[in-house]
Undergrad: 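Sending over a structure as structure tokens; questions will come in a sec.
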Amino acid sequence: MKILFCIVFGMISFLPAYADEFTNHQQHMSVIGNDSRQLLNYPPDVRVYALANMRKHLQALAEIMDAFANAKYDLAAGIADSRLGMDSSGAAGCRVDSMKMDMKTMPMSETSHLDHQMSLLMPEGMRELGQNMHRSANEFAVKAREADKDSRNVAAAAIALARIAQQCVACHESYRMQ
Ligand code: HEC
């Protein structure tokens, strides 16, 4: 009787799992089938540069999370400011000063040239989302330094850290490069 119960119960509990898997698969297919994100008009060299910049963003975020998880709040703040913050080199393509650079009068390195191109081709809505993300990194840094001084501030810093990742997601939901 016990064995029969186990078999029947096992089958019943398997069914919802199967149904979930099927729904996930359908959702996955519909994402592939109708991608409504706006395609950016980046030439190949700008796209390769922008994607490499994105991978650096992810690397920085991973390092921030690692430092934070090990209670190295000051280190986490430093990485956030210098590698993701509004004044970091990775934010250049989202800054208006890159857009205003005059290529004829200013000698330009290859990276500033690509940042300039990226900033010119970036839709206004995307620039705003980009700046929000870079600013959220600076805001996290402030909170992380407060956590470094007083551990009662750790929870607020953790919320600010989650906000950075939310800003990455917001842009990825709306734009694509390829
Ligand atoms: C302002 C917009 C924007 C923000 C903010 C943004 N991204 Fe992206 N990211 C993009 C776009 C557009 C792509 C290309 C996606 C596509 O073509 O499917 C991309 C691609 C990527 C990729 C793929 C790189 C590759 O080589 O294919 C990674 C990784 C990534 N982003 C990480 C991040 C992380 C981490 C953050 C936040 C810290 C972030 N991005 C914030 C716009 C953004």
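Side-chain atoms are counted along with the backbone in the values below, which use heavy atoms only and exclude waters and symmetry mates. Counting starts at 1 for both ligands and their atoms, following the listed order.
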Undergrad: Could you establish whether Arg37 and ligand 1 come within less than 4.0 Å of each other, counting only heavy atoms on the residue side?
TA: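 Yes.
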
Undergrad: How far is atom 26 (O) of ligand 1 from its nearest protein heavy atom, and which residue and atom name does that atom have?
TA: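 Answer for atom 26 (O) of ligand 1: Arg55 NH1, 2.6 Å.
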
Undergrad: Which heavy-atom pair separates Phe68 from Ala76 by the least distance, and what is that distance?
TA: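 Taking Phe68 first and Ala76 second, the nearest heavy atoms are N-CB, 4.1 Å.
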
Undergrad: Tell me whether Tyr175 has any N or O atom under 3.5 angstrom from an N or O of ligand 1.
TA: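 Checking ligand 1 against Tyr175, no N or O pair falls under 3.5 Å apart.
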
Undergrad: When you compare the side chains of Asp115 and Tyr49, does any donor N or O come within less than 3.5 Å of an acceptor on the partner?
TA: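 Looking only at side-chain atoms, Tyr49 and Asp115 do form a donor-acceptor pair, the distance falling under 3.5 Å.
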
Undergrad: Give me the atom names and distance for the closest heavy-atom approach of Ala137 to Ala80.
TA: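 So the two residues come closest at O-CB, 3.6 Å.
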
Undergrad: Which residue holds the protein heavy atom closest to atom 38 (C) of ligand 1, what is that atom called, and what is the gap in Å?
TA: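 Here the closest protein heavy atom is Cys168 SG, 2.7 Å.
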
Undergrad: Which residue supplies the protein heavy atom nearest to atom 29 (C) of ligand 1, what is that atom called, and how far is it?
TA: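 Looking at atom 29 (C) of ligand 1, the protein heavy atom closest to it is Leu58 CD2, 3.8 Å.
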
Undergrad: Can you see which heavy atom on Arg95 is nearest to which on Gln131, and at what distance?
TA: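 Heavy atoms of Arg95 and Gln131 come nearest at CA-NE2, 4.3 Å.
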
Undergrad: Test your reading of the model: is there a side-chain donor-acceptor pair from Asp74 to the backbone of Asp148, 3.5 Å cut-off?
TA: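 Answer holds: no.
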
Undergrad: Determine the minimum heavy-atom distance between Gly130 and Cys94, stating which atoms define it.
TA: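 Gly130 and Cys94 have their closest heavy atoms at CA-SG, 3.8 Å.
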
Undergrad: Kindly indicate, with the supporting measurements, whether the criterion side chain to side chain contact (heavy atoms under 4.5 Å, CB included) is fulfilled by His57 and Cys168.
TA: CA-CA 9 Å; His57 285 1; Cys168 313; over 6 Å; no

Undergrad: Which atoms of ligand 1 are found less than 4.0 Å from any heavy atom of Gln178?
TA: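 Reading through ligand 1 atom by atom, the close ones are 17 (O).
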
Undergrad: If you take all heavy atoms of Met54 and His172, which pair is closest and at what distance?
TA: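 Reported closest heavy-atom pair: SD-NE2, 4.3 Å.
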
Undergrad: Note the single closest protein heavy atom to atom 30 (C) of ligand 1, along with its residue, its atom name and the distance in Å.
TA: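 Atom 30 (C) of ligand 1 sits closest to the protein heavy atom Met54 CB, 3.5 Å.
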
Undergrad: So which protein heavy atom does atom 17 (O) of ligand 1 come closest to, and at what separation?
TA: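 Nearest protein contact, heavy atoms only, for atom 17 (O) of ligand 1 is Met177 N, 2.7 Å.
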
Undergrad: Out of Ala50, Cys171, Ser174, who gets a non-hydrogen atom closest to atom 5 (C) of ligand 1?
TA: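 When every heavy atom of Ala50, Cys171, Ser174 is considered, Cys171 comes closest to atom 5 (C) of ligand 1.
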
Undergrad: Flag Gln167 as yes when one of its N or O atoms lies below 3.5 Å from any N or O atom of ligand 1, and as no otherwise.
TA: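 Between Gln167 and ligand 1, no N or O pair is found under 3.5 Å apart.
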
Undergrad: What's the verdict on side chain to side chain contact (heavy atoms under 4.5 Å, CB included) for Met122 and Gln117, showing C-alpha distance, side-chain angles and the deciding distance?
TA: CA-CA 9 Å; Met122 193 177 285; Gln117 290 289 100; over 6 Å; no

Undergrad: Once you restrict to heavy atoms under 4.0 Å, what part of Met133 touches ligand 1? Side chain, backbone, both or neither.
TA: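 Only the side chain of Met133 comes within reach of ligand 1.
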
Undergrad: Which residue holds the protein heavy atom closest to atom 23 (C) of ligand 1, what is that atom called, and what is the gap in Å?
TA: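 Ranked first by proximity to atom 23 (C) of ligand 1 is Leu51 CD2, 4.4 Å.
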
Undergrad: Answer yes or no for His172: is there an N/O/S atom below the 2.8 Å cut-off from atom 8 (Fe) of ligand 1?
TA: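 Yes.
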
